[in-house]
Amino acid sequence: MSNIAKTYEPQQFEKTIYKDWETSGNFHTTAEAKGEPYCIVIPPPNVTGQLHMGHALDETLQDILIRWHRMKGDNTLWMPGTDHAGIATQAKVEESLRAEGTNRYELGRKKFLERVWQWKEKFGNRITYQLRTLGSSCDWDRQRFTMDEGCSAAVRKVFVQLYNEGLIYRGTRITNWCPKCNTALSDIEVEHENEKGHLWHLRYPFADGSGYIEVATTRPETMLGDTGVAVHPDDERYKNLVGKMLILPLVNREIPLFADDYVDKEFGTGAVKVTPAHDPNDFEMGMRHNLPQIKVITNEGKMTEGLGKYSGLDRYECRKQIVADLEAAGVLVGIEEHEHAVGHCSRCHTTVEPLISKQWFVKMESLAAPAIDAVKTGKLKFVPERFTKIYINWLENIRDWCISRQLWWGHQIPAWYCDDCGKMIVSETDVEECPHCHGKNLHRDEDVLDTWFSSALWPFSTLGYPEDTPELKKFYPTNVLVTGYDIIFFWVARMVMMGLKFRGEVPFKHVFIHGLVRDDQGRKMSKSLNNGVDPVEVIEKYGADSLRFMLVTGNTPGNDLRFYWSRVESARNFANKIWNASRFLLMNLENADKNFRPTHDDLELSDRWIMTRLRKVGVNVSKSLERFELGEAARYLYEFIWFEFCDYYIELTKSRLYGDDIRAKSTALFVLSSVLECALRLLHPFMPFLTEVIRRQLPNVEGSIMLADYPTGEEFGDLLTAEDDNVEEMTDVILNTVKCIRNLKSEVGIDSRKKVAVVLKVLRNEYSDVLNEYKNYISELAVVEPITFAEEKPAHAISGVVEGVEIYLPLDGVIDMDKEIARLTKELEKVRKGASVTAGKLKNERFIGKAPAEVVEGERVKLAAAEEKISTLEQRIAQLSAL
RNA sequence: GGGGUUGUAGCUCAGAUGGUUAGAGUGCCUCGUUGACAUCGAGGAGGUCACAGAUUCGAGUUCUGUCAGCCCCACCA
């Protein structure tokens, strides 16, 4: 082992280790395997995407949970797959067609889809290969795709059933339309942003010549499609005018003035121009008052035919022209600055145009109710809990979901229209003959489904639905969904609704929500800012374990986290620390008896201490993991390994390892080796590669760490007994003494490596044995020699006091007595201050009466210790002053 | 217009169910090349836990309000 590299070089082993894991088949499981089922379905990354920090975080969290459960012995399945990502993928392919000087319409639907599939084949697996570099232990044998045969069958079955139950319907409605993507959008695909605009005040004259009414609008170009003007029924200003006709300027169409409750008397002039074809509210009012719908803007965002000089103009060009013309006509009577929310396409950020078109919708109310209930009754829990409110609030105000998209890439809607009798047939299988008139002239609905429709089925479609597979029986409902808060509406809520509807159970019991990974200035990582950090680059430089550890530490569930290279480095340093601690052990193990097993009597205090500490850490790690506090769990391990195992325990084994007592040496090596091995198992879910590569080299271990038992806190069997319950207290006395000596040396400027004499006065009898027996710990860690125990206090010495022990460093001639007195006085003041607070508490009858007994007892102990310290310091100050 | 969230050391952040002297990483200062590790070790400076009230024997932690930042939702033209 002497050839083990001096520093941690993850590049040397991560790829090989992953290959070993994958070929071993240990990522794979079956419904028949033993153990409690534990299943996570991956949030499928887009097929054309590549790994970004958000994925890295999401995958890391999932892999930690998965590896932990696998080690616990659960039948653990991590179901991987990718999403076809309708609009996003289609846009990419269209972009490449544009580069070739053509477009999808020239190519035709069939050829175009061939191109997209080619694209998918080419880039589809890139991201899953990148996931492997992170260490993700997915069951790759089961990899799925939202448009594969099974998922497509699930989509058709669900669609047809919902249609037959009347929960899917087709209707002519006003919907959000993106003129650039050329498709309808659902409400949540529209992002509202406040924009500065104008409020134009226009005068519409009455047809009878009796004056005019003033309306206000933010979108003057839509006036071409006005078919009425509305006022509030109770508005005294207009009450007597309702029913009169107006002349629409520029167009000279007669339109009615009518009353509707929707109108807000306070806003603008209290009179609204009504354009049913281009505004959702106007559409509703139009329906209520039988107003005609006049479409003046096309799907491409241009003015329609038949509008004279305005036809063919872009909507914003037309706005300028209309405003100019209205002004010229004397209709425009004022312009106000006005800030208002404008909808944008979440994909391309084009301003959305509300348009009337025929679309497919899912009726949400009856689907949402059970999904709300599932959370309220605790069948589904959000971590952190606050997201339940967001989820419920959305579902309680849900509106019907527009699921049809005017795209080609996606699940084509399984509806056919008979050209002979005009009827519609919705069917799971292709329709060639009309069941109504037996006509054979059918054409299929051209639209495809919203990508999220198939994503909504993901937890059960990947497990085999619509087939009734053993996997579906065994692993559904799955245990946890790990995802970002940004897709709770898009995805989580819809999966819950569909899962409840089609499986009768929630798709997962917990939703573990994480935040976004931001750049070092707290900005979202984005292409336009070019501030993204490529996780693949981080892995190449520092290793996947470092990236994983960085992503999981110092972060709390649901909160965003910032990416800092310095934090990656710090994680890498931790890995290096483990690497070198292991290297130290392996070097010492070379010529040793690797099969030696000590008895309880062979163990020293430090051995029993480190084993006791490890047990407690193991318990804390598991507790934290159960609460989804992965960062806390990682922190426990970091602190244990670095500060307790490396900084203290390893140092304390050195005298035995370099000494002549073979049995003592073997004992130390045994404890070093077993504690390290156990710590590696605890750490494995977080840093899988490093822990595997090191554990393989340890003696008496077999098999991959990924299948080893996860520590339970009951390790080391009979090597620890009930008598060892006080090892922590006993060790603390020694370590506190060490710290105090180091401190004193540093304060008077003695080189920390220089040996000096120390005199200890033990204040409590129960500590004298341990201090006597293990005084070598003090001399080794604090670099002091000789250590003598004495009752008298050396006069020319600097001193300190810890619980139970007075410490003197006799330093003739080196000490400035006045300085020493000042130092001790300062210390005394500090302790007195603390003691008075504690004493105050204990004098308070209400504290004694109401606080729990153990808290009161704790305060008493604290006060006693403080008083011991005070008296020691006082005596010492008096002694020095008398000199 | 609703709702959420954040405000703790110079910087980035941890601090379940209220109970020691409020922690870590990083940065800074002083020392240190004996065989695990300078990707390190020892020591140190640095915080009235945004502000104001309330509850409580006791509040960084619970409640109310204020201020500041961020985010989400929302069909007032």
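Owing to the predicted nature of the structure, the values given are computational and were not obtained by experimental measurement. So you know, we letter chains A, B, ... as the sequences are listed, proteins then strands, and number each from 1.
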Inset, instruction - Test for a donor-acceptor pair under 3.5 Å between the base of B:U39 and the side chain of A:Arg572, counting only N and O atoms. - result: yes
Inset, instruction - Report the nucleotide, chosen from B:G41, B:U56, B:A38, that has the shortest atom-to-atom distance to any side-chain atom of A:Lys6. - result: B:A38
Inset, instruction - Could you tell me which nucleotide pairs with B:G27 by Watson-Crick or G-U wobble geometry, both distances under 3.5 Å, or answer none if nothing does? - result: none
Legend entry - Cation-aromatic face contact A:Arg173/A:Phe283, 6.0 Å, 45 degrees: no
Inset, instruction - Describe, in one word, how the ring planes of A:Phe549 and A:Phe686 are oriented to each other, choosing from parallel (under 30°), tilted (30 to 60°) and perpendicular (over 60°). - result: perpendicular
Inset, instruction - Compute both the distance and the angle, then confirm whether A:Lys654 meets the cation-pi test with A:Phe584: under 6.0 Å from the six-membered ring centre, within 45 degrees of the axis. - result: yes
Legend entry - Between B:G44 and B:U61 - P atom distance, rounded Å: 29 Å
Inset, instruction - Would you kindly compare A:Asp279 and A:Phe489 by the position of their nearest RNA chain B nucleotide and give the one closer to the 5′ end? - result: A:Phe489
Legend entry - Any strand: nucleotide that pairs with B:G2 via Watson-Crick or wobble, under 3.5 Å: B:C72
Inset, instruction - Could you tell me whether A:Ser566 contacts a base, only the sugar-phosphate backbone, or nothing, with contacts defined as non-hydrogen atoms closer than 4.0 Å? - result: nothing
Legend entry - Pair assignment for B:G53, Watson-Crick or G-U wobble, requiring both distances under 3.5 Å: B:C63
Inset, instruction - Please determine, for B:G46, whether a Watson-Crick or G-U wobble partner exists with both distances under 3.5 Å, and give it or none. - result: none
